[in-house]
Amino acid sequence: MSGPPIVDEAAEAFAATEPACRAVDWEFVRAGVPDAVLMAKLRWLSRYRRRRYLRQEVADRLLEALSEPRPLRRRPSAG
């Protein structure tokens, strides 16, 4: 992948992360540097994690639905 050079600390973290992801059947991809506008939007959205925005019924349903481990996405079936 093209992009900015990887500093030693990041390369070390990537080297440890990739096998950890494989161990739980996740795919590890170095996506590069995130777009500045995207990051600004994510920071703005992250403010909604504050308690005043909590909808307990929705939070309870999410916790229940996510309580059992499962793949983040389905793999295409072979054949």
Side-chain angles (χ1 to χ4, degrees):
M1 161 172 207
S2 63
I6 301 173
V7 296
D8 290 341
E9 296 83 12
E12 190 175 311
F14 293 156
T17 303
E18 187 170 12
C21 288
R22 264 194 314 247
V24 294
D25 204 26
W26 289 4
E27 182 180 324
F28 175 81
V29 177
R30 179 177 171 248
V33 178
D35 179 71
V37 174
L38 172 66
M39 292 308 297
K41 290 178 180 180
L42 287 174
R43 280 190 296 277
W44 182 81
L45 285 170
S46 72
R47 295 181 188 125
Y48 285 94
R49 290 183 289 182
R50 301 225 161 87
R51 182 157 294 285
R52 68 178 173 203
Y53 299 111
L54 175 64
R55 294 176 53 195
Q56 192 62 55
E57 179 183 322
V58 173
D60 291 342
R61 288 174 54 200
L62 283 169
L63 286 171
E64 182 180 335
L66 300 172
S67 63
E68 293 295 322
R70 60 180 157 192
L72 294 176
R73 61 180 174 182
R74 297 192 195 286
R75 291 187 174 196
S77 59

To the nearest 0.5 Å, how far apart are CE in Met39 and OG in Ser46?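 Output value for this atom pair is 9.0 Å.
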Tell me whether Val58 is reachable from Tyr53 by hopping between hydrophobic residues (I, L, V, M, F, W, Y) whose side-chain heavy atoms are closer than 4.5 Å.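 In one cluster: no.
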Taking side-chain contact (heavy atoms from CB on, under 4.5 Å) as the definition, give me every residue that meets it alongside [X], ordered by chain and number, with sequence neighbours left out.
X: Arg47; result: Trp44, Arg50
X: Arg22; result: Glu18, Pro19
X: Val24; result: Trp26
X: Ala10; result: Ile6, Val7, Phe14

For residues 54-64, which residue pairs qualify under side-chain hydrogen bond (donor to acceptor under 3.5 Å, both in side chains), counting only residues two or more places apart or in two chains?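 As it turns out, the side-chain hydrogen bond (donor to acceptor under 3.5 Å, both in side chains) pairs with a partner in residues 54-64, which skip direct neighbours, are Gln56-Asp60.
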Tell me, please, which residues at least two apart from Asp35 pass side chain to side chain donor-acceptor pair (under 3.5 Å).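 Not a single residue meets the side chain to side chain donor-acceptor pair (under 3.5 Å) criterion with Asp35.
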